[in-house]
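All values derive from a computational prediction rather than experimental measurement. Residue numbering restarts at 1 for every chain, and letters A, B, ... go by the order of the sequence lines.
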2 protein chains.
Amino acid sequence: MLKLSKRVEYGLLAVQEMARSRDTVVSAKDLATKFSISFTLLSKVLQQLVHAGYVRAYRGTRGGYALNVEAHTLTVANVIEAIEGRTAAIVDCQDVGEHDCSVSSCCTIREPLAVLRDRIADTFSSMTVAELVQPQVLPHVQTVQLVI
Amino acid sequence: MLKLSKRVEYGLLAVQEMARSRDTVVSAKDLATKFSISFTLLSKVLQQLVHAGYVRAYRGTRGGYALNVEAHTLTVANVIEAIEGRTAAIVDCQDVGEHDCSVSSCCTIREPLAVLRDRIADTFSSMTVAELVQPQVLPHVQTVQLVI
DNA sequence: GAATATACGACCTTTTTAGTCCGGAATTCG
DNA sequence: CGAATTCCGGACTAAAAAGGTCGTATATTC
């Protein structure tokens, strides 16, 4: 249905919160309580972000998580990819190594949809966690496409 | 996982095919056979496009479907919305009349995510069915955002 | 009237997502 | 040390969404 999963939503909430409190680590428990979300599910998401290298984990009492990169270099696309595996595929036949789409079927719309997929990926790459914390207050933004 | 549903994929295939053969009606059976997809599911999708007014249905022998609008005025966003109900919500709390997201939780990322949602909606609106039939051959397209 | 095609609701199956449980390992602190 | 705390990670269950089927009704052509 073209919606971000809870996992990604939780991941974004987490990294945003980490970006807000750069000086201290935040535990999964604190985050789950603050946002009233599932502790265990959030934990798994955090582990994925650790694996991706975006977040660093500290075990033991007073442990928790902290950003391992600068908030302005971490994009929403990075978070999505770390959690979902891939930013956006749009349709099945665009997954890598997928060549058995019903023969003549989707191959006629594959190319134009690939363009859309790339534009959407660009969109997710265009916003960083830093902007998630402090949204840009722009009077009005118009998106145009330049042919270069 | 942020992917278009089969329903939307079938819908796009259908309208694209109708745009290719403007002079004749195409039956659901023909479309299902041509693309090797489920006839009944495709039929439901076509009915949704009829309800939205984008496609016109002709019953009886030699009946079928035909576009009810110009291909260059029908956008991919139109098709998605007709079939899925809404273009893109990104997260639950952005659905209309949804104000009970876990209190403090998503409200901190709601605003910036709304920006992304709008940009994605723009992306889907930027491509018409006519372009689906004859993809624009652009050497390279760069998207920029102008503050006006 | 027979054949063909859409209309549409009820139903079933499969896949995905969301969420739980539990044993284990590292770290802090008394 | 040992207990409390916190991350780690796999196995598992439940709920929701997506994909797909079936049957019946209605309209149209020949």
Side-chain angles (χ1 to χ4, degrees), chain A residues 1-11 13-14 18 24-33 35-52 54-66 68 80 83-86 89-92 95 101-102 105-106, chain B residues 1-11 13-14 18 24-33 35-66 68 80 83-86 89 91-92 95 101-102 105-106:
Chain A
M1 211 246 266
L2 206 72
K3 187 185 291 185
L4 293 180
S5 64
K6 290 280 179 195
R7 298 174 70 93
V8 169
E9 186 181 335
Y10 294 173
L13 283 169
M18 290 181 225
T24 61
V25 301
V26 285
S27 71
K29 187 183 174 188
D30 289 346
L31 289 169
T33 304
F35 298 125
S36 309
I37 59 180
S38 160
F39 164 75
T40 43
L41 187 54
L42 173 64
S43 297
K44 292 194 180 306
V45 171
L46 287 165
Q47 282 167 39
Q48 290 182 283
L49 293 172
V50 170
H51 279 140
Y54 301 134
V55 166
R56 185 163 168 195
Y58 298 89
R59 295 193 185 189
T61 309
R62 310 184 68 85
Y65 298 89
N68 198 32
I80 294 174
I83 294 171
E84 303 251 335
R86 183 160 286 97
I90 306 292
V91 289
D92 284 330
D95 285 327
C101 63
S102 318
S105 84
C106 76
Chain B
M1 210 247 266
L2 205 73
K3 186 185 292 185
L4 293 181
S5 64
K6 289 281 178 195
R7 298 174 70 93
V8 169
E9 187 180 335
Y10 294 172
L13 283 169
M18 289 181 227
T24 61
V25 301
V26 285
S27 71
K29 187 182 174 189
D30 288 347
L31 289 168
T33 303
F35 298 125
S36 310
I37 59 181
S38 160
F39 164 75
T40 42
L41 187 55
L42 173 64
S43 297
K44 291 191 182 307
V45 171
L46 287 165
Q47 283 165 38
Q48 290 182 283
L49 294 172
V50 170
H51 279 140
Y54 301 133
V55 166
R56 184 162 171 199
Y58 299 90
R59 295 194 185 187
T61 309
R62 309 185 69 87
Y65 299 89
N68 198 32
I80 294 174
I83 294 170
E84 303 253 341
R86 184 161 285 99
V91 290
D92 285 330
D95 285 327
C101 64
S102 319
S105 84
C106 77

Interatomic distance, B:M18 atom CE to B:R56 atom CZ [nearest 0.5 angstrom]:
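If I round to the nearest 0.5 Å, the distance is 13.5 Å.
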
I need the A:Y54 OH to A:I83 CD1 distance, nearest 0.5 Å.
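Reported value, rounded in 0.5 Å steps: 10.5 Å.
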
What is the distance, to the nearest angstrom, from the [atom1] atom on [X] to the [atom2] atom on [N]?
| X | N | atom1 | atom2 | answer |
| --- | --- | --- | --- | --- |
| B:Q48 | D:dG19 | CD | P | 12 Å |
| B:L42 | C:dA7 | CG | P | 12 Å |
| A:L46 | D:dC8 | CG | C1' | 12 Å |
| B:K3 | C:dT17 | NZ | P | 9 Å |
| A:M18 | D:dC7 | CE | C1' | 12 Å |
| B:I37 | D:dA18 | CD1 | P | 17 Å |
| B:R56 | C:dA5 | CZ | C1' | 15 Å |
| A:L49 | D:dC7 | CG | P | 13 Å |

What's the verdict on side chain to side chain contact (heavy atoms under 4.5 Å, CB included) for B:L4 and B:E9, showing C-alpha distance, side-chain angles and the deciding distance?
CA-CA 7 Å; B:L4 293 181; B:E9 187 180 335; 5.8 Å; no

Between the protein and nucleotides 20-22 of chain D, which nitrogen or oxygen pairs are less than 3.5 angstrom apart?
from: D:dG20; atom 1: OP2; to: B:Y10; atom 2: OH; distance (Å): 3.1
from: D:dT21; atom 1: OP2; to: B:S38; atom 2: OG; distance (Å): 3.0

Using the side-chain heavy atoms of B:S27, tell me which of these nucleotides is nearest: D:dT6, C:dT6, C:dA7.
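In terms of side-chain proximity for B:S27, the closest of D:dT6, C:dT6, C:dA7 is C:dT6.
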
If you compare all heavy atoms of [X] against all heavy atoms of [Y], which two are closest, and at what distance to 0.1 Å?
| X | Y | answer |
| --- | --- | --- |
| B:V8 | B:I80 | CG1-CG1, 3.8 Å |
| B:N68 | B:G53 | ND2-O, 3.2 Å |
| B:V25 | B:G63 | CG2-O, 3.7 Å |

For residues 40-47 of chain B, run the donor-acceptor check on the side chains, cut-off 3.5 Å, and write out each pair with its distance to 0.1 Å, sequence neighbours left out.
from: B:T40; atom 1: OG1; to: B:S38; atom 2: OG; distance (Å): 3.4
from: B:S43; atom 1: OG; to: B:F39; atom 2: O; distance (Å): 2.8

Could you tell me whether the phosphate oxygens of C:dA7, OP1 or OP2, come under 4.0 Å of any side-chain nitrogen or oxygen in B:Y65?
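Checking C:dA7 against B:Y65, a side-chain N or O does come within under 4.0 Å of OP1 or OP2.
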
Using a cut-off of strictly less than 4.0 Å, decide whether A:H51 has a side-chain nitrogen or oxygen near OP1 or OP2 of D:dG9.
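Checking D:dG9 against A:H51, a side-chain N or O does come within under 4.0 Å of OP1 or OP2.
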
Tabulated below should be each protein N or O lying under 3.5 Å from an N or O of nucleotides 28-30 of chain C; please produce it.
from: C:dT28; atom 1: O2; to: A:T61; atom 2: OG1; distance (Å): 3.4

Flag side-chain contact, heavy atom, 4.5 Å: B:L13 against B:L31
no

